[in-house]
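A note on names: the letters A, B, ... follow the listed sequences, proteins ahead of strands, and every chain is numbered from 1.
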Amino acid sequence: DVKVTQSSRYLVKRTGEKVFLECVQDMDHENMFWYRQDPGLGLRLIYFSYDVKMKEKGDIPEGYSVSREKKERFSLILESASTNQTSMYLCASRRGGPPSSIQYFGAGTRLSVL
Amino acid sequence: QQPVQSPQAVILREGEDAVINCSSSKALYSVHWYRQKHGEAPVFLMILLKGGEQKGHDKISASFNEKKQQSSLYLTASQLSYSGTYFCGTVRLNAGGTSYGKLTFGQGTILTVHP
């Protein structure tokens, strides 16, 4: 079974802190994604990566950055956390090629910024 | 741009049917459907790649109208296990006839099935 593992289920941070959300997949997938999920807004794409060290902005990249140094790991970074970044964050991975393959999601990290 | 889903919420009794719609303002390469139960990761249901394509998965099926840039998910004879939030995801078609890689999701439809 494909597994996408997010390092924390719950995180509480203070405004201004630097926050790292980690995601690891075990299926050698080329593509990895970070979404945030908010009620009424669905899943919104923050960043995605189609290869090691490659990244592209999604629909809401402001206030976030990402890092992909190894194929299996994709990190989301909040340089200076703010209260409006309180949300559920979901990581996903998918094999490369045309986007006709299944995208697998992690269970999510619920981040609260106080 | 996110696709638009309707309705936002549906309440059913076991055995009833439901339809969830997904529409885009852009030409689409594919439509993906996922279901998320409370506190869990979204789980893949099906992908529709061609205009007019219909797929089935047990009593859940979907269609894709390429010309209207719309997809519909059909849930027949609903069961308690169908409860959850349903998301459609779309991949846009670019000018060259291929796709942009990213999957963009709608705002979700909350489906509740009561005994």
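- Proximity to chain B is absent for every atom of A/Tyr50, based on heavy atoms less than 4.5 angstrom apart.
- Neither the backbone nor the side chain of B/Gln8 comes within contact range of chain A; no heavy atom of the residue lies under 4.5 Å from a heavy atom of that chain.
- Atoms CG and CD, on A/Asp59 and B/Gln2 in that order, are 7.0 Å from each other to the nearest 0.5 Å.
- The two residues B/Ala41 and A/Gly106 have their closest heavy-atom pair at CB-O, 3.1 Å.
- Only the side chain of A/Arg9 comes within contact range of chain B, with heavy atoms under 4.5 Å apart.
- Hydrophobic cluster membership differs between A/Ile77 and A/Val66, with clusters built from Ile, Leu, Val, Met, Phe, Trp and Tyr side chains linked at under 4.5 angstrom.
- In terms of heavy-atom pairs under 4.5 Å with chain B, the best-connected choice from A/Leu45, A/Asp38, A/Leu41, A/Leu90 is A/Leu41.
- Linking Ile, Leu, Val, Met, Phe, Trp and Tyr residues whenever their side-chain heavy atoms come within less than 4.5 Å leaves B/Tyr74 and B/Val43 in two separate clusters.
- Of the candidates A/Gln103, A/Arg44, A/Gln37, B/Phe105 forms a side chain to side chain contact (heavy atoms under 4.5 Å, CB included) with just one, namely A/Gln103.
- Under a hydrophobic-cluster definition in which Ile, Leu, Val, Met, Phe, Trp and Tyr are linked whenever side-chain heavy atoms come within less than 4.5 Å, directly or via other members, A/Tyr35 and A/Val113 are assigned to different clusters.
- Atoms CD and CG, from B/Gln36 and A/Leu43 in turn, are 6.5 Å apart once rounded to the nearest 0.5 Å.
- A chain of hydrophobic side-chain contacts below 4.5 Å, direct or via other Ile, Leu, Val, Met, Phe, Trp or Tyr residues, connects B/Met46 to B/Leu111.
- Aromatic ring centres of B/Tyr34 and A/Phe105 lie closer together than 6.0 Å.
- Using a 4.5 Å heavy-atom cutoff, the side chains of B/Leu103 and A/Phe33 are not in contact.
- Hydrophobic clustering of Ile, Leu, Val, Met, Phe, Trp and Tyr side chains at less than 4.5 Å, counting indirect connections, keeps B/Ile110 apart from B/Tyr82.
- For NZ of B/Lys37, the number of neighbouring non-hydrogen atoms (other residues, nucleotides, ligands) closer than 6.0 Å is greater than 12.
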